[in-house]
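Only one structure is covered here, and it is reproduced in the block below.
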Amino acid sequence: MVALNQEIDHVSNVIGPRLNGQLPAGDANAAPVIEAHGIAKIYRIGDIEVRALDGVDVTIHRGELTAIMGPSGSGKSTLMNILGCLDQPTRGAYKLDGVDVEKLNDDQLAAIRNKKIGFVFQSFNLLRRTSAIDNVEQPLIYAGVKPRERRERAKAALEAVGLGNRLKHHANELSGGQQQRVAIARALVTKPAIILADEPTGNLDSKSGAEIMCLFQRLNEDTGMTVIFVTHDPRIAQHTRRVIRIADGKIIGDDAITDQIIACPDKALPESILEKLEHAPA
Amino acid sequence: MLLRELIKLALNTLAANKPRAFLTMLGISIGVAAVIALMSIGAGVQDYIAQQFSSAGANLIGVVPGRIQRGPGGGAFGAQAPLTMADYRAVAANTPNVIDTSVDFARPAVFAYGNKTSEVNVTGVMANFSAIRNWNARLGRVIDETDIGGRSRVVALGQTVVNDLFEPGEDPLDKIVRINNVPFRVIGVMESKGSSILGDQDAAAFIPLSTAQERLFGQQSQSLTGERIVSTIYAQAANKDVTPAVMASIESLLRERRRIPADEPSDFSVLSQDELINTFGAVTGVLTVFLGAIAAISLLVGGIGIMNIMLVSVTERTREIGLRKAIGARSSAILTQFLTEAVFLSLTGGLIGIGIGLGAAFLVSQFADFRPVVQAGTIALAVGFSLAVGLFFGIYPARRASQLNPIDALRFE
């Protein structure tokens, strides 16, 4: 983490808050990246009907930093699965980055997940005995990217999260915070429309957790990446700009955060890395 | 493109757990090694048998008394009505497409030299015996016309008899040995033909036919009607193609002479080398099939081992499968990855097995008289079989992996 901070400190002196304000969070004029209307997910267990989601409307615009909050059993995981195209709603319409998702078959959903969504999980879900760079390359393999370009883009993504000096380390040789940063690089590397982070700090100590939140905030501010957290932790919500509250399968609140906690003020990502991420061949 | 990547992924996974991969391969290796070794040895034995018989002389037909039954339990002799010199003369005079004929008379006898003895068959032969059986003397000479005309007491000994009666290095030529107490002068030692499925061919000794019939065995060599008895009538056919016709004509001639009714089987047997080769070939063939079946069972067990390991692997890697699906792997990509692992295990196991099998066949040949014959077809069969085992036993675990629901898989502990 020290290395990241030094790297960021060093570069931030040169470029400053270059992108700050250019891609403001929650800009209502920006194109909606998520448009979900009347989403319902109904399970049938014997004669009992369980409504995990019961008519949920969610609209999230490009560049937003949002938390979906709710206690366990509220339906937030079901909502994340549907927003992440891992699951299909029983009813309702869902448009992700302009694509009507509810009409797609399994293979098409896999392609959408590959192109438009970056997942970050509570337990990192890295491949053990596999180097950081190989882990980050995985989504590009399924996207059919050629090996050399894959390697370049994975390297750029790892540099972007401050792990440029850990490319060859195996996942199990890294600390929890470093592992989660590899996972974030893996989510970034395909330049997705949204990053879905499911309790990303749940398995981390508070210091590493703060560093991860810092990374998310920087990504959002500096690159305009849309990031959606799914959490029950109010502190995570405090790091975002908008909180959608969910309970019993229904949305019960949608508020802007006025007293946002900035996990790492005055830190920016190195410009060269931003450029690599922006201009890496698609 | 993607296929190559998936193969690389599969290989990396296997490399990450080498002991397991090795042990899984072992089952297939053993099965394939067994197939290769058995088939190479089987083919070698068949070649060896064919060689043994053809060394007896080209296109040779033999007639022996009694009926040799074919098939399982074969070799049993029926009621014996001896063949006689009259039968031989009739065959020699009346069979077309025959280059040469011969006849012999063999009986067990006791050989003695000094205080050593040996019990083997002594065979009375004609002068053309050496040419027709393709068997020459290693030392001295074989029986000739003069010996037969003079009913001489001379003998050409087989190597086994020489070994029994003489000290190593002792020259047997011109020594006097006693056969059933009758003194004979050794005029030659036969080339060694070695042992085969026919028994020890060198446990033999040859004397003039006239001497055997008239001097050594006297009464024993006469039938009830006073005819001289013979043991085997030989006929050498002009070529391979006419051999069956010659055999048929000898058979019908002898049936007529011996007045055998049309609905009864012959009380003698007409044999050719081809037939003997085929008979023994069928026996070794059955053996090869039997051993092959055992090898196939071990391949099956090896395949089940692969399936078992792959199923364990799918369970262990449930979260990995979930993650791969979340980051965009199609079901077909997961299927390909796991199937590649299974096929790689079985195919590599098969290749290792081919190496072990060839080594084993070579090792056996060091201690046996034959060379193993490795046929390209055998190798192809082994490779094909291991590939098929990998596909067959890999498809179920791979399908199971590809059908996993990513949400459940990601949540799997």
Side-chain angles (χ1 to χ4, degrees), chain A residues 41 52 77-82 84-88 104-131 134-147 150 170-172 183 185-190 192 195-196 198, chain B residues 1-22 309 312-341 344 398-413:
Chain A
K41 184 71 183 180
S77 292
T78 308
L79 181 59
M80 190 202 83
N81 289 337
I82 288 171
C85 299
L86 288 166
D87 202 359
Q88 294 277 45
L104 303 181
N105 66 26
D106 279 356
D107 282 351
Q108 290 166 322
L109 284 176
I112 287 283
R113 289 196 295 268
N114 182 251
K115 270 197 214 109
K116 297 196 184 293
I117 302 167
F119 287 97
V120 178
F121 301 98
Q122 178 172 359
S123 49
F124 324 138
N125 277 323
L126 299 178
L127 305 179
R128 295 169 52 76
R129 296 200 202 90
T130 303
S131 68
D134 282 344
N135 263 293
V136 176
E137 276 188 48
Q138 296 300 320
L140 298 179
I141 291 176
Y142 296 114
V145 176
K146 290 198 170 58
R150 226 160 55 203
H170 282 191
N172 37 330
R186 180 180 63 196
L188 280 177
V189 76
T190 54
I195 286 185
L196 272 176
D198 183 9
Chain B
M1 179 66 203
L2 183 58
L3 184 69
R4 227 178 67 198
E5 297 299 336
L6 292 176
I7 291 172
K8 231 161 77 184
L9 276 182
L11 297 192
N12 288 343
T13 309
L14 292 176
N17 200 339
K18 289 192 189 80
R20 178 196 278 189
F22 173 74
I309 285 296
V312 169
S313 177
V314 168
T315 306
E316 275 181 0
R317 289 155 67 193
T318 300
R319 282 168 70 102
E320 176 194 331
I321 295 162
L323 171 84
R324 289 189 181 281
K325 289 199 152 188
I327 63 175
R330 293 175 171 208
S331 298
S332 60
I334 302 285
L335 183 88
T336 309
Q337 186 188 342
F338 278 81
L339 202 54
T340 305
E341 285 181 30
F344 179 84
R399 262 193 72 80
R400 226 162 94 158
S402 73
Q403 305 284 307
L404 282 178
N405 176 342
I407 300 168
D408 298 337
L410 280 167
R411 220 179 276 147
F412 183 84
E413 293 298 333

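None of these values were measured; they are calculated from a predicted model. Numbered from 1 within each chain, the chains take letters A, B, ... in sequence-line order.
- A:Lys41 places a side-chain N or O within donor-acceptor distance of the main-chain N or O of A:Gln88, the cut-off being under 3.5 Å.
- Remark: side-chain polar atoms of A:Arg113 are paired, donor with acceptor, to backbone N or O of A:Cys85 under 3.5 angstrom.
- Within the 3.5 Å criterion, the main-chain N or O of A:Ala183 finds no donor-acceptor partner in the side chain of A:Asn135.
- Note on B:Arg317, B:Arg319, B:Lys8: by heavy-atom pairs under 4.5 Å with chain A, the leading option is B:Arg319.
- Interatomic distance, CG of B:Leu404 versus CZ of B:Arg324, reported as 13.0 Å (0.5 Å rounding).
- In this structure, no portion of A:Asp106 lies under 4.5 Å from any heavy atom of chain B.
- Neither the backbone nor the side chain of A:Ser77 comes within contact range of chain B, judged by heavy atoms closer than 4.5 Å.
- Among the candidates B:Ala326, B:Pro406, B:Ala333, the residue making the largest number of heavy-atom pairs closer than 4.5 Å to chain A is B:Ala326.
- For A:Arg128, no part lies near chain B; criterion is any non-hydrogen pair under 4.5 Å.
- Of the candidates B:Arg399, B:Glu320, B:Lys325, B:Gln403, B:Ile334 forms a side chain to side chain contact (heavy atoms under 4.5 Å, CB included) with just one, namely B:Lys325.
- Annotation: maximal heavy-atom pairing with chain B below 4.5 Å, among A:Leu127, A:Asp134, A:Ile117, occurs at A:Leu127.
- Between the side chain of B:Ser313 and the main chain of B:Ile309, no donor-acceptor pair closer than 3.5 Å is present.
- In this structure, chain B has heavy atoms under 4.5 Å from both the backbone and the side chain of A:Leu86.
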